Engineer: 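Would you mind keeping the following structure in view while I ask a few things?
Quantities reported herein were computed from a predicted structural model and do not represent experimental measurements.
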Amino acid sequence: MAVPELKIEDLHVSVEEKPIVKGFNLDIKGGEIHALMGPNGTGKSTVASAIMGHPKYEVTRGRATLDGKNLLEMEVDERARAGLFLAMQYPSEVSGVTNADFLRTAINGRRGEGNEIPLMKFIKTLDKKMNLLEMDQSFAERYVNEGFSGGEKKRNEILQLMMLEPKFAILDEIDSGLDIDALKWVAKGVNTMRSDNFGCLMITHYQRLLNYIKPDRVHVMMNGRIVTSGGPELALRLEKEGYDGLKKDLGIKDETVEA
Amino acid sequence: MSTQIKPLPFDAENVINFSSNRREPEWFKNIRVKAFGLAQQLPLPKPEKTRIEDWNFTNFNYEFNGTPVTSPEELPDDVRKLIGEDEKGSVLIHQNGAAVFRNLSQSLREKGVIFTDLSTAVQKYGDLLQKYYFKTSQIDKHKLTALHAAMVNGGTFLYVPKNVQVELPVQSVSIQDAPSSGLVTHTIVVAEQGSSVTYVETYLSQSSVGEGVANVISEVYVGENARVKFGVVDHLTEGVVGYVNRQANVARDGSLQWALGQMNDGNTVSENMTTLEGDGSSVDIKAVSIGSGSQRQNFDNHIRHVGKATNSRLLVRGVQKDAANSIFNAVTKIEHGASKADGEQTQRVLMLSEKARGDANPILLIDEYDVIAGHAASVGRVDPAQLYYLMSRGIRKEAAEKLIVEGFLKPVVDLLPIEGVKKQLAGLIERKTR
Ligand SMILES: Nc1ncnc2c1ncn2[C@@H]1O[C@H](COP(=O)(O)OP(=O)(O)OP(=O)(O)O)[C@@H](O)[C@H]1O
Ligand SMILES: [Mg+2]
């Protein structure tokens, strides 16, 4: 089987007519883990939402393909079934729908009619993954994200990732709000996904996550585009210096999307 | 402005003959005759913002014979599924108003519990019944209550004596399948002081009815310190015009829970009314409904706080699809003297189509100072953020919407105490949202 590839070229995204992302390029192959960093409000989540197909985000230029297939022409659910996953910075709550029903519907949606996952197999898999994430069994029967703490929501995103086994995952600040132990469990979860058939883009502000999930590449975003890329050492440098040194090097005074 | 009063398709002689055929005692016959007079004069109810003048509430056949069955095996499949496997549960099944199957457990009988159809109750327990018949609801409320008292042709009487705890749910299933039939059923549930009971009633009409009528009144009396849970699944077919009136009175420290699954396919006027008469009494009402097709419905939920430190919670959730039109009224009334009363109501309407109409009207009427009262009402569409979230996991739009709608209506499904009825409501929701 060919190694999967997520390719984003010259992506421009507007929100309510306002240009936010301006020429974003990225190429991730199966087996690779990339980190996307950058100051607040520079367009990281906007890239993620646009690739996933959030209706509020309008792609005005550029291309995004998964294994050569044009993602931008697909509906949100089609993108997911094509193998894309986004762990959201702010996951929604869905009252009255249990986590288990939600996951089973999602899995069966991918597998298609007549090929539904046997119930016992589903329960066993769910049990196993919840154990690994140190999630209490009661979370299976709780309504999706309703009343979950910030950290519990993040773990629930990773649970979905592990259950759905996509080809590519974008994890938007999966480390925010996690305590030290939860960060380890989440990292363990992501690391079990590592294989040549899985690529990952992690949006984060902190080096700490990268200690647990080692990235192959680190990119920094400013003004709605990637301004520099490097190896894991780039994240270490940012952790020490903040963004000022980098901005000086690149001659950027204002890193926001307005500039 | 005067409204034209259409003549009723029956006359007093019909009413008297009907009563005689049923071998009813004088007092009951007299109520019928008096009510018939009222039904000729009184106006229809005036549900807020719903025009019902041209709905057929009065033209129907009212006299039927049921075919008794001796064991549940002889019942139609969908009815058998409702009552489940549990032979020990107490069940009463009516067909076009006539009781066709009854099971009351030996132990409940020994404790003095009465559970029987109305016409048996009228004959055997007349004195007791008379104490409760039309005592929480009123015959002269309007034309439809009067018509009901004149033409009643079915119903259930459940009486739980003082301090008796009924552990298993008691269930009544009503099937309407006779062509052009009018189901006029009167249910009375009495829980005497310190007792407790869970009662679930299901109304099913079949397509064989065609154009029909259902005029349903249920009266609930919750005695001092008694606990009643009252579950409902209504599913009348498209051609059946429904008038549904469920009323309760709760005495000191008594508590009542309503779980109403209102899944009619035809035009419906529903009045649900609870009076918290005694100090410290409470009511919890959860009601869900789906409007579909070109159906018009009016749901009136009314709570009256009379006693001190009374507590009410009302949650109404309605889904509107196709070209359905529903009005949701909720009234929380706190009477003078009901100090420390606490009443809260929430009504949410979810619109699934551009052509559907839904309207939620919250009303608080407060006549006392030292109280807490709150309301929330909203009419909205499926939250795009939720839809996006579910779809981002690969769930198709229609399936995602369905999950959201089922979740929205879950609060009542969760409360229904009988697995078969729970499944039935879930199935109806699934069918109606398809
Ligand atoms: N739905 C939206 N409506 C209005 N403005 C938006 C919307 N989404 C993003 N923006 C704006 O676009 C800019 C980039 O936002 P984005 O969320 O992509 O930043 P980010 O890099 O993810 O920031 P952070 O690190 O704080 O999460 C911000 O100025 C933000 O206010
Ligand atoms: Mg962000």
Engineer: At a 4.5 Å cut-off on heavy atoms, which part of A/E93 comes close to chain B: side chain, backbone, both, or neither?
Structural biologist: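 Answer is backbone: N, CA, C or O of A/E93 sit under 4.5 Å from chain B.
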
Engineer: Select, from A/A106, A/G109, A/G53, A/A82, the one with the greatest count of heavy-atom pairs under 4.5 Å involving chain B.
Structural biologist: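 Between A/A106, A/G109, A/G53, A/A82, the count favours A/A106.
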
Engineer: Can you find a side-chain donor-acceptor pair between A/D175 and A/T204 that sits under 3.5 Å?
Structural biologist: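 On atom types as modelled, these side chains qualify, holding a pair under 3.5 Å.
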
Engineer: Below 4.5 Å from any heavy atom of chain A, which atoms of B/Y388 appear? Answer side chain, backbone, both or neither.
Structural biologist: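 Its backbone and side chain both get close to chain A.
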
Engineer: Counting only non-hydrogen atoms closer than 4.5 Å, does B/L390 touch chain A with its backbone (N, CA, C, O), its side chain (CB onward), both, or neither?
Structural biologist: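 Both the backbone and the side chain of B/L390 come within 4.5 Å of chain A.
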
Engineer: Taking side chain as everything from C-beta outward and backbone as N, CA, C, O, which of these in A/P166 sits under 4.5 Å from a heavy atom of chain B? Side chain, backbone, both or neither.
Structural biologist: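 For A/P166, no heavy atom lies under 4.5 Å from chain B.
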
Engineer: We want to know whether B/S218 and B/E201 form a side-chain donor-acceptor pair, criterion being a heavy-atom distance below 3.5 angstrom.
Structural biologist: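 There is such a pair between these side chains.
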
Engineer: With chain B, which of A/S92, A/P91, A/A80 has the greatest number of heavy-atom pairs at distances under 4.5 Å?
Structural biologist: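 Highest number of pairs under 4.5 Å: A/S92.
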
Engineer: Would you say the side chains of B/N272 and B/H302 form a donor-acceptor pair under 3.5 Å?
Structural biologist: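 There is no such pair between these side chains.
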
Engineer: Taking atom types as modelled, is there a side-chain donor on A/Q89 or A/S45 under 3.5 Å from an acceptor on the other?
Structural biologist: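 The criterion, which ignores hydrogens and geometry beyond distance, is satisfied for A/S45 and A/Q89.
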
Engineer: Could you look at A/N108 and say if it's the side chain, the backbone, both or neither that has a heavy atom under 4.5 Å from chain B?
Structural biologist: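 Neither part.
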
Engineer: Go through B/A399, B/S392, B/A385 and name the one with the most non-hydrogen pairs under 4.5 angstrom from chain A.
Structural biologist: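 Among the listed options, the one with the most contacts to chain A is B/S392.
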
Engineer: Looking at B/K49, B/R357, B/Q320, which hits side chain to side chain donor-acceptor pair (under 3.5 Å) with B/S326?
Structural biologist: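 When B/K49, B/R357, B/Q320 are each tested with B/S326, the side chain to side chain donor-acceptor pair (under 3.5 Å) holds only for B/Q320.
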
Engineer: Compute whether any side-chain donor of one residue and acceptor of the other, for A/D172 and A/Y90, lie under 3.5 angstrom apart.
Structural biologist: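 No pair is found: no donor N or O on one side chain lies under 3.5 Å from an acceptor on the other.
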
Engineer: Name the region of A/L164, side chain, backbone, both or neither, that has any atom closer than 4.5 Å to a heavy atom of chain B.
Structural biologist: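 Contact with chain B involves the side chain of A/L164 alone.
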
Engineer: Answer yes when B/K286 and B/D284 have at least one side-chain N-carboxylate O distance shorter than 4.0 Å, and no when they do not.
Structural biologist: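 Judged by the 4.0 Å cut-off on N to carboxylate O distance, B/K286 and B/D284 do form a salt bridge.
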
Engineer: Counting heavy-atom pairs under 4.5 Å to chain A, which of B/K410, B/Q386, B/M391 comes out on top?
Structural biologist: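 Among the listed options, the one with the most contacts to chain A is B/M391.
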
Engineer: With a 4.5 angstrom heavy-atom cut-off, which part of B/D383 approaches chain A: side chain, backbone, both or neither?
Structural biologist: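 Neither the backbone nor the side chain of B/D383 comes within 4.5 Å of chain A.
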
Engineer: So, is the end of the B/R348 side chain (NZ or CZ) under 6.0 Å from the ring centre of B/F408 and within 45° of the ring's axis?
Structural biologist: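 Judged by the rule, B/R348 and B/F408 form no cation-pi pair.
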
